[in-house]
Amino acid sequence: MSSRPFALLGLSLLLAACSSQPEEEIPQAPSAPSERKASAAPQPLQAGQRELRGSLLGAPANSEVELALLVVDERGRPRGELGNLHLSGNGQALPFSLRFEPQPFSPGLRVELRGRASQSGRLILRLPPRTVSGTDSQMLGPLQLVPAP
């Protein structure tokens, strides 16, 4: 018996599977405990945890905004992440509360708050890197997003 009919059947099944509509993606839980969506009711800080508070200006409605608190070297290259936060832009000032665990790091490194906003998967705005002095809780006030290059 020839294997040709089985090969044709297998090939046609493979092509049929590739041409079908993709299944809807199932939302996944955040991969890290520091990554979270902003919630309406603030939770109390856990022991040893710190917080940066402020508001972002210029995030258009239906945009996705990500803030990250990074440890960077003298050349501005990220060497670690202390925390991050995802928000949805609404066209108004966007309040944020970014929680993080302070960590000791080597001399020559600094802590920076960085941010970006995207719409339909395209980067549209960014937050110029802002050096954060110390690793205590701080109120940063309003921060302006600028057009991304």
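Values in this document were obtained by computation on a predicted structure and should not be read as measured data. Counting begins at 1 with the first residue of the sequence.
Sorted by first and then second residue, the pairs that involve residues 102-112 and meet salt bridge (Lys or Arg N to Asp or Glu O under 4.0 Å), not counting sequence neighbours, are Arg110-Glu112, Glu112-Arg114. Each salt bridge (Lys or Arg N to Asp or Glu O under 4.0 Å) pair with one or both residues in residues 58-71, not counting sequence neighbours, appears once here: Glu66-Arg116.
In this model, no donor atom of one side chain and acceptor atom of the other lie less than 3.5 Å apart for Gln119 and Ser63.
Of all the heavy atoms in Leu125 and Ala59, the pair that sits closest is CD1-CA, 4.4 Å. In terms of heavy-atom proximity, Ala117 sits nearest to Val65 at CB-CG2, 4.0 Å.
Atom-to-atom distance recorded for Arg77:CZ and Leu109:CG is 10.5 Å, nearest 0.5 angstrom. In this structure, Arg79 CZ and Glu74 CD are separated by 8.0 Å, a value rounded to the nearest 0.5 Å. The OG atom of Ser97 sits 7.5 Å away from the CG atom of Leu85 when rounded to the nearest 0.5 Å. Atoms CG and CZ, on Leu113 and Phe100 in that order, are 10.0 Å from each other to the nearest 0.5 Å.
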Steps toward side chain to side chain contact (heavy atoms under 4.5 Å, CB included) verdict (Arg126, Leu145): CA-CA 5 Å; Arg126 66 179 182 85; Leu145 294 167; 5.9 Å; no
Please test Glu101 against Leu82 for side chain to side chain contact (heavy atoms under 4.5 Å, CB included), starting from the C-alpha separation and ending with a verdict. CA-CA 6 Å; Glu101 298 285 336; Leu82 298 176; over 6 Å; no
Trace of the side chain to side chain donor-acceptor pair (under 3.5 Å) decision for Ser137 with Glu51: CA-CA 5 Å; Ser137 292; Glu51 175 179 55; 5.3 Å; no
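Heavy-atom neighbours of Asn62 CG from other residues, nucleotides or ligands within 6.0 Å: at or below the threshold of 12.
Applying the under-4.5 Å side-chain rule to Ile, Leu, Val, Met, Phe, Trp and Tyr, the cluster around Leu70 extends to Val72.
Results of the side chain to side chain contact (heavy atoms under 4.5 Å, CB included) test with Leu67 over Asn84, Leu56, Leu52, Leu143 single out Leu56 as the only residue that passes.
Side chain of Gln144 to main chain of Leu127: no donor-acceptor pair is present (N/O by atom type, distance under 3.5 Å, no hydrogens or angles).
Residues Leu57 and Leu94 are not in side-chain contact: their nearest non-hydrogen atoms beyond the backbone lie 4.5 Å or more apart.
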